[in-house]
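Along the sequence shown, residues carry numbers from 1. Note that ligands are numbered from 1 as they come in the structure, with each ligand's atoms numbered from 1 the same way. The structure presented is a predicted model; accordingly, all values stated were derived computationally and were not measured.
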Amino acid sequence: MIELGKKVVVTGVPGVGKTTVINGAMERLAAEDIAYKAVNFGTFMFEVAQKENLAADRDEMRRLDKAVQKRLQQAAASGIAAMSGDANIIVDTHSSVKTPAGFLAGLPEWVLRELMPDIVVLVETDPDQILMRRLSDASRTRDMEGSRAIAEHQEFNRAVSAAYAMYSGCTVRIVRNENFLLEQGIDDLVSVLR
Ligand code: AP5
């Protein structure tokens, strides 16, 4: 029997620290000789957006017309599915994206069908901590919103992830990434990936 790789989708609101936790987990797993490919869904979308002169930076993508975002999503999902094969893979993405027209599902049916994840991880922490991380990250053009709006986005992400579980049969796991407790968040993600 062919053993298929594990497909883990890691999500969380912008600035919660998904990429930081993923990088920490990858380092730990490499030391244990457990191989994972980590891919960033936004990077796949941005490559297409850049080629078509649609966005100057990745933060501009969530303000594009909904139909364009969906097309970029589809292109990213097919690209990732084509390169992942039977390898263990981590997809760094968003359960939902906050657009001017409302929340856009990050893993709609046409994306889930391509990725078919085993697990969707929601990285979360207190909204005040996320707000402070966004304010201190000068490298990005983060949306300016308050703690209440960030809390609402995290709630929406839990709700929409339940729909992903219903559709694909994946499990949903919450990993906390608290200030001063990054190592604990990494431990939790490693336990999901092993
Ligand atoms: P994307 O590329 O996913 O954004 P990103 O760069 O990955 O990262 P985020 O902005 O979400 O931040 P992060 O959570 O990774 O935090 P980080 O580790 O950097 O998305 C770009 C765009 O692509 C989206 O806006 C969207 O338009 C599009 N897109 C992506 N997926 C899509 C999809 N499925 N459908 C449609 N569109 C999609 O950390 C942030 C800061 O916090 C850092 O300074 C870090 O040092 C700090 N920090 C982290 N952890 C801790 C801690 N424990 N304590 C203290 N500080 C911490």
Any nitrogen or oxygen of T43 lying under 3.5 Å from a nitrogen or oxygen in ligand 1? Just yes or no. no
Test salt bridge (Lys or Arg N to Asp or Glu O under 4.0 Å) on K7 and D86 and set out the steps. CA-CA 9 Å; K7 303 208 179 325; D86 293 335; 5.8 Å; no
Does ligand 1 have any atom that is closer than 4.0 Å to a heavy atom of R134? no
Can you report which non-hydrogen protein atom sits closest to atom 56 (N) of ligand 1, along with the distance? R133 NE, 3.5 Å
Can you tell me if R140 has a non-hydrogen atom under 4.0 Å from ligand 1? yes
Can you report which non-hydrogen protein atom sits closest to atom 40 (C) of ligand 1, along with the distance? G15 O, 3.8 Å
Would a 4.5 Å heavy-atom cut-off, applied to side chains only, mark R173 and S191 as touching? yes
Answer yes or no for V97: is there a heavy-atom contact with ligand 1 below 4.0 Å? yes
Check whether the side chains of N177 and T125 place a donor and an acceptor atom closer than 3.5 Å, and report yes or no. no
To the nearest 0.1 Å, how far is atom 35 (N) of ligand 1 from its closest protein heavy atom, and which atom is that? Q73 NE2, 2.9 Å
Would a distance-only check, ignoring hydrogens and angles, find a side-chain to backbone donor-acceptor pair under 3.5 Å from K98 to P14? no
Could you check whether any heavy atom of E178 sits closer than 4.0 Å to an atom of ligand 1, since that is the contact criterion I want to use? yes
Just to be sure I read this right, does ligand 1 sit under 4.0 Å from the backbone of Q129, its side chain, both, or neither, counting only heavy atoms? neither
Atom indices of ligand 1 within 4.0 angstrom of R62 heavy atoms, with elements: 25 (O), 27 (O)
For atom 32 (C) of ligand 1, state which one of T93, L107, L115, L181 supplies the nearest heavy atom. T93
For G42, counting its heavy atoms only, list the atoms of ligand 1 lying under 4.0 Å from any of them. 23 (O), 30 (C)
Report, in ascending order of atom number, the atoms of ligand 1 lying under 4.0 Å from any heavy atom of N179. 54 (N), 55 (C)
Check R140 with D59, please: is the shortest side-chain N to carboxylate O separation under 4.0 Å? yes
Strictly below 4.0 Å, N to O, side chains only: are D143 and R62 in salt-bridge contact? yes
Is the closest basic N to carboxylate O distance between R71 and E52 below 4.0 Å? yes
Keeping the roles fixed (side chain from D92, backbone from K18), state whether a donor-acceptor pair exists under 3.5 Å. no
Please list the nearest protein heavy atom to atom 23 (O) of ligand 1 with its residue and the distance rounded to 0.1 Å. M61 CE, 3.3 Å
Flag if over 12 foreign heavy atoms under 6.0 Å of CE, M166: no
Do any nitrogen or oxygen atoms of D137 come within less than 3.5 Å of a nitrogen or oxygen of ligand 1? no
For the side chain of E32 and the backbone of R194, is there at least one donor-acceptor N/O pair under 3.5 Å apart? no
Could E47 and R58 be called an ion pair, given the rule that one side-chain N must be under 4.0 Å from one carboxylate O? no
I need the nearest protein heavy-atom contact for atom 49 (C) of ligand 1: residue, atom name and distance, please. T20 OG1, 3.5 Å
Side chains of T11 and T93: do they bring a donor and an acceptor to under 3.5 Å? no
Heteroatom proximity flag, G17 to ligand 1, N/O under 3.5 Å: yes
Hey, which atoms in ligand 1 end up nearer than 4.0 Å to a heavy atom of R142? 9 (P), 10 (O), 12 (O)
Looking only at protein heavy atoms, identify the closest one to atom 30 (C) of ligand 1 and say how far it is in Å. H94 CD2, 3.5 Å
Are any side-chain N or O atoms of Y164 and backbone N or O atoms of L107, one a donor and one an acceptor, separated by less than 3.5 Å? yes
Near T19, which atoms of ligand 1 are under 4.0 Å from a heavy atom of that residue? 7 (O), 15 (O), 18 (O)
Is_contact(atom 52 (C) of ligand 1), protein non-hydrogen, under 4.0 Å: yes
Go through H153 and F103 one step at a time and tell me if the side chain to side chain contact (heavy atoms under 4.5 Å, CB included) criterion holds. CA-CA 8 Å; H153 194 175; F103 292 119; 3.4 Å; yes
Note: heavy atom closest to atom 50 (N) of ligand 1, options T11, L72, N177, belongs to N177
Protein contact of atom 2 (O) of ligand 1 - nearest heavy atom, named by residue and atom, plus distance: R58 NH2, 2.4 Å
Does an N or O anywhere in Q69 fall below 3.5 Å from an N or O of ligand 1? no
Atoms in ligand 1 with a heavy atom of L182 nearer than 4.0 Å: 53 (N)
Find all atoms of ligand 1 within a distance of less than 4.0 Å from any non-hydrogen atom belonging to N40, and give their numbers and elements. 2 (O), 7 (O)
of all protein heavy atoms, closest to atom 11 (O) of ligand 1 is K18 NZ, 2.4 Å
Non-hydrogen atoms of G12 versus ligand 1: any pair closer than 4.0 Å? no
Heavy-atom side-chain proximity of S161 to V120 below 4.5 angstrom: yes
Salt-bridged, R113 to E109, with N to O below 4.0 Å? yes
In this structure, are over 12 heavy atoms from other groups packed under 6.0 Å from M132 atom CE? no
Donor-acceptor pair, side chain of Q69 and main chain of L64, under 3.5 angstrom: yes
Looking only at distance, does F41 have an N or O less than 3.5 Å from an N or O of ligand 1? no
Any N or O of D59 closer than 3.5 Å to N or O of ligand 1: no
Which of the numbered atoms in ligand 1 are under 4.0 angstrom from any heavy atom belonging to G106? 33 (C), 34 (N), 35 (N)
